[in-house]
Structure formats: structure tokens, C-alpha cells
A.B. asks: 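One structure, pasted below without further comment.
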Amino acid sequence: MARGKKLYEGKAKVLYEGPEPGTIVQYFKDDATAFNAEKKDVIDGKGVLNNRLSEYFMVGLGQIGVPTHFIKRLNMREQLVRSCEIIPLEVIVRNFAAGSMSKRLGIEEGTQLPRPIVEYCYKDDSLGDPLVAEEHIAAFGWAGQQDMEDILSMALRVNDFMSGVMYGVGIKLIDFKIEFGRTYNGDFQQLVVADEISPDSCRLWDMETNRKLDKDVFRRDLGSLTDAYAEVARRLGVLPKNATPITKPTLIN
């Protein structure tokens, strides 16, 4: 399928004009970054695994009635998505204390929270994606009251779905980050889950051993990131149990 000019290149993906108006081709790179891109590397096969896993989760969300920007996977590294107006927020849902929450509040990593906690960060790499309150979001007009109510409801539905799926394959969903966008059809506006859902944007621990199966493997030098992501894909049936992860990038022209 033909793609148009490059629209944007981020840390993990490249966006191109899609073949039809209102569509975008999303290309998954092998680049890995951490600590606001202070740590960087290229992890062979990561983009392929994230493309397949994000497809799996987006399709699953669509099946339970949560709208997403996903249309279809095109090949090993690309998927077709709907163009949308991204709301400049990272929405973080936490089931267990980990990462920045543990540091901020002095809670031991792995401590189960009394209930899922939803946090918001302002999307700005130059500022380190700072944590913001709903008052900031309203005051600066990043999202309206109805949008925030819908975002909260959808984020918790995504959490229910993801937690159940992961529990079924022996993985604890510690936390995850998602983004939302607005799509337009004439005067009709719809809020959708956008960007990606993959081990890049989740914390995933094995239920028995607490082995990390997410980007913390890269952040903390805990072993092979590709092996960790491939383990998640195998458990979910996205990758055959005896398959070897692709170790070299597949270039798409």
C-alpha cells in the first residue's frame, strides 16, 4: 500500500500520509529510549513486536466497544490508522506502585494500590512530560470537562480489559500510558484511543517471579528487551511459542 510524505518522526515511530484522506501510516522503529531520550539504543525486532502487540490490543478494545484510531495492520512494521487531533496529555493508569510514583511517594515498588489511580502528564519532551492536575487541563484548555469525563471512563475500561487479558496469561499489569485523540466526521466528533499500546507503554511483570517484561528491562539493564517483548507476544498467542523474534529490521520502501 502506498504511503505519502513523512509527517512526523518521534522516538519510536514515524508517521506518513496515508493512501486515503484522513488516514496515516504508522511505522514502528527499533529505536529504544529512556529517561527522556538520555539513554538510547537500537533493539533489533522491537518495532515488529510492538506493531503486532499494539494491533492485538487495539483490535481487542474495538471488540468491546472502545473506539481507537486503528484501522488495520499493513505489514510487519506498519499499520493504517485514522488521522486524529491528539490531546496533549499522557494518561497513566496505575494498579501497583512503580517507577515515578514509588519515587514521589516513597511506596515500595510492586505494592498493590487500593484502587486504580489515573494520572495526567502534559505531553512536552522539553519539559519532561510533567505531571499535571485536572485544574491545569481545564485552565489551559487542553481538554474540556466532557472530554475529561470520557477520558477517565475510557482509561478505566482499557485498564479492565488489559488487566484481564494479562492476568489470563500470568502477567500483572502494573501500569500503562495511553493517549487520546479526536476524530471528526462532519460535525460529529469522537474521542478515540490513539498512538500505541505495547510493552513500550506498559509495565508488565510475571505473576510468579515478578520478572519484568517491559521497557524497564532496557531502562535498568535487566537483559534482552527483545526476549522480554517476545515472551509477552508468545503468551498472548501473537507469536508462535517456538518462533524466534525477528532480529534484523525489515525496511519498508
Side-chain angles (χ1 to χ4, degrees), residues 12 34-35 49-50 53-68 87 89-123 129-134 137 143 148-180 191-220 222 225 228-229 231-238:
F35 312 118
L49 289 164
N50 279 348
L53 285 164
S54 192
E55 172 197 19
Y56 177 90
F57 295 126
M58 292 290 188
V59 169
L61 288 173
Q63 290 172 343
I64 65 167
V66 176
T68 77
I87 294 171
L89 298 172
E90 294 182 347
V91 180
I92 302 165
V93 183
R94 300 183 182 274
N95 299 305
F96 298 81
S100 62
M101 170 175 271
S102 291
K103 293 177 183 177
R104 288 197 318 266
L105 303 180
I107 304 174
E108 183 179 356
E109 281 206 322
T111 301
Q112 186 166 4
L113 301 173
R115 60 179 178 82
I117 293 177
V118 181
E119 297 179 333
Y120 307 98
C121 292
Y122 177 53
K123 274 178 57 66
D129 301 324
L131 191 69
V132 294
E134 289 192 45
I137 297 168
M148 290 308 300
E149 291 177 8
D150 292 343
I151 284 172
L152 177 60
S153 174
M154 290 171 66
L156 291 174
R157 288 189 68 194
V158 173
N159 187 47
D160 286 345
F161 167 75
M162 295 279 293
S163 295
V165 167
M166 291 302 182
Y167 183 85
V169 295
I171 295 174
K172 285 192 288 190
L173 178 63
I174 302 298
D175 58 36
F176 65 93
K177 171 191 74 71
I178 51 175
E179 297 182 17
F180 290 88
L191 197 68
V192 299
V193 177
D195 193 42
E196 68 175 292
I197 301 176
S198 74
D200 267 9
S201 56
C202 303
R203 278 193 174 88
L204 307 170
W205 294 7
D206 179 83
M207 291 185 70
E208 294 186 1
T209 66
N210 282 338
R211 174 192 170 199
K212 293 174 175 60
L213 300 170
D214 54 70
K215 201 162 74 168
D216 275 348
V217 172
F218 172 70
R219 292 186 185 99
R220 304 181 186 186
L222 298 176
L225 191 67
Y229 286 19
E231 176 66 17
V232 176
R234 287 191 191 98
R235 293 196 193 187
L236 293 170
V238 173

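Worth knowing before you read on, the calculation uses all heavy atoms, side chains too, and leaves out hydrogens, waters and symmetry mates.
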A.B. asks: Would you mind reporting whether I151 and V118 have side-chain heavy atoms less than 4.5 Å apart?
C.D. replies: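 Heavy-atom side-chain distance check fails, nothing below 4.5 Å.
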A.B. asks: Restricting to non-hydrogen atoms, name the atom on E179 and the atom on L89 that form the minimum distance, rounded to 0.1 Å.
C.D. replies: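 Scanning both residues, the minimum pair turns out to be CG-O, 3.9 Å.
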A.B. asks: On a heavy-atom basis, which atom in L156 and which in P116 lie closest, and how many Å separate them?
C.D. replies: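 Nearest heavy atoms, L156 then P116: CD2-CB, 4.1 Å.
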A.B. asks: Can you check whether L113's main-chain N or O pairs, donor with acceptor, with R94's side chain at less than 3.5 Å?
C.D. replies: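 A pair under 3.5 Å: no.
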A.B. asks: When you compare the side chain of V91 with that of V158, does any pair of heavy atoms fall below 4.5 Å?
C.D. replies: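 A side-chain contact under 4.5 Å is absent here.
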A.B. asks: With a 4.5 Å heavy-atom cut-off, do N50 and P199 have their side chains touching?
C.D. replies: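 In contact.
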A.B. asks: Distance from L49 atom CG to D200 atom CG, nearest 0.5 Å?
C.D. replies: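 Between atom CG of L49 and atom CG of D200 there are 10.0 Å.
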A.B. asks: With ring-ring contact (aromatic ring centres under 6.0 Å, His included) as the rule and sequence neighbours excluded, what pairs involving residues 151-173 come up?
C.D. replies: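 As it turns out, there is no ring-ring contact (aromatic ring centres under 6.0 Å, His included) pair with a partner in residues 151-173 once direct neighbours are skipped.
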A.B. asks: Got a second to check how far L236's CG is from I171's CD1, nearest 0.5 Å?
C.D. replies: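 With rounding to 0.5 Å, CG (L236) is 6.0 Å from CD1 (I171).
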A.B. asks: Do the side chains of L204 and F176 get nearer than 4.5 Å, heavy atoms only?
C.D. replies: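 No; the side chains remain at least 4.5 Å from each other.
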A.B. asks: Minimum heavy-atom separation for F180 to A155, with atom names?
C.D. replies: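 Shortest heavy-atom contact: CZ-N, 4.1 Å.
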A.B. asks: How many angstroms lie between CG in D160 and CD1 in I64, if you round to the nearest 0.5 Å?
C.D. replies: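 Reported value, rounded in 0.5 Å steps: 8.0 Å.
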A.B. asks: Does a sphere of radius 6.0 Å around CZ in R115 hold more than 12 heavy atoms from other residues, nucleotides or ligands, not counting ones at 6.0 Å or beyond?
C.D. replies: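 Not more than 12 within 6.0 Å, no.
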A.B. asks: Among K103, R220, R203, exactly one meets salt bridge (charged side-chain N to carboxylate O under 4.0 Å, His left out) together with E109. Which residue is that?
C.D. replies: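 That would be R220; it is the only one of K103, R220, R203 passing the salt bridge (charged side-chain N to carboxylate O under 4.0 Å, His left out) with E109.
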A.B. asks: Side-chain contact, heavy-atom cut-off 4.5 Å: I178 with M154?
C.D. replies: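 Result no, sub-4.5 Å side-chain heavy-atom pair not found.
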A.B. asks: With K172, which residues qualify under side chain to side chain donor-acceptor pair (under 3.5 Å), at least two apart?
C.D. replies: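 With sequence neighbours excluded, K172 shows a side chain to side chain donor-acceptor pair (under 3.5 Å) to N210, given in chain and number order.
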A.B. asks: With no hydrogens and no angle check, is any side-chain donor or acceptor of N95 less than 3.5 Å from a backbone partner on L173?
C.D. replies: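 Checking the backbone N and O of L173 against the side chain of N95, a donor-acceptor pair under 3.5 Å is found.
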A.B. asks: Just how far is it from atom CG of D175 to atom OG of S201, taken to the nearest 0.5 Å?
C.D. replies: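 Rounded to the nearest 0.5 Å, the CG-OG separation comes to 10.0 Å.
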A.B. asks: Is any side-chain N of the basic residue among D216 and R219 closer than 4.0 Å to the acidic one's carboxylate O?
C.D. replies: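 Answer for the salt bridge query: yes.
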A.B. asks: How many angstroms lie between OH in Y120 and CG in L131, if you round to the nearest 0.5 Å?
C.D. replies: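 Answer rounded to 0.5 Å: 11.0 Å.
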A.B. asks: What pair of heavy atoms forms the shortest contact from E196 to A12, and how long is it?
C.D. replies: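 Taking every non-hydrogen atom into account, OE2-CB, 4.4 Å.
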A.B. asks: Main chain of D150, side chain of S153: is a donor-acceptor contact present, judged purely on distance under 3.5 Å?
C.D. replies: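 No, because the side chain of S153 does not come within donor-acceptor range (under 3.5 Å) of the backbone of D150.
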A.B. asks: Grab the two heavy atoms, one from F96 and one from G110, that are nearest each other, plus how far apart they are.
C.D. replies: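 In this case the closest contact between F96 and G110 is CD2-O, 3.5 Å.
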A.B. asks: Atom CD1 in I174, atom CD in Q112: separation rounded to 0.5 Å?
C.D. replies: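 Nearest 0.5 Å value for the CD1-CD distance: 9.0 Å.
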A.B. asks: Are the side chain of T68 and the backbone of V192 linked by a donor-acceptor contact shorter than 3.5 Å?
C.D. replies: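 A pair under 3.5 Å: no.
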A.B. asks: Begin with the C-alpha distance, continue with both residues' side-chain angles, and end with the deciding distance and a verdict on side-chain contact (heavy atoms from CB on, under 4.5 Å) for V93 and M162.
C.D. replies: CA-CA 11 Å; V93 183; M162 295 279 293; over 6 Å; no
A.B. asks: Taking all heavy atoms of M148 and all of A143, pick out the closest pair and write down the distance.
C.D. replies: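 Scanning both residues, the minimum pair turns out to be SD-CB, 3.7 Å.
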A.B. asks: Please walk me through it: do I137 and I87 pass side-chain contact (heavy atoms from CB on, under 4.5 Å)?
C.D. replies: CA-CA 10 Å; I137 297 168; I87 294 171; over 6 Å; no
A.B. asks: Does any part of the side chain of D129, heavy atoms only, come nearer than 4.5 Å to the side chain of Y122, both counted from C-beta?
C.D. replies: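 The answer is no; the side chains never approach within 4.5 Å.
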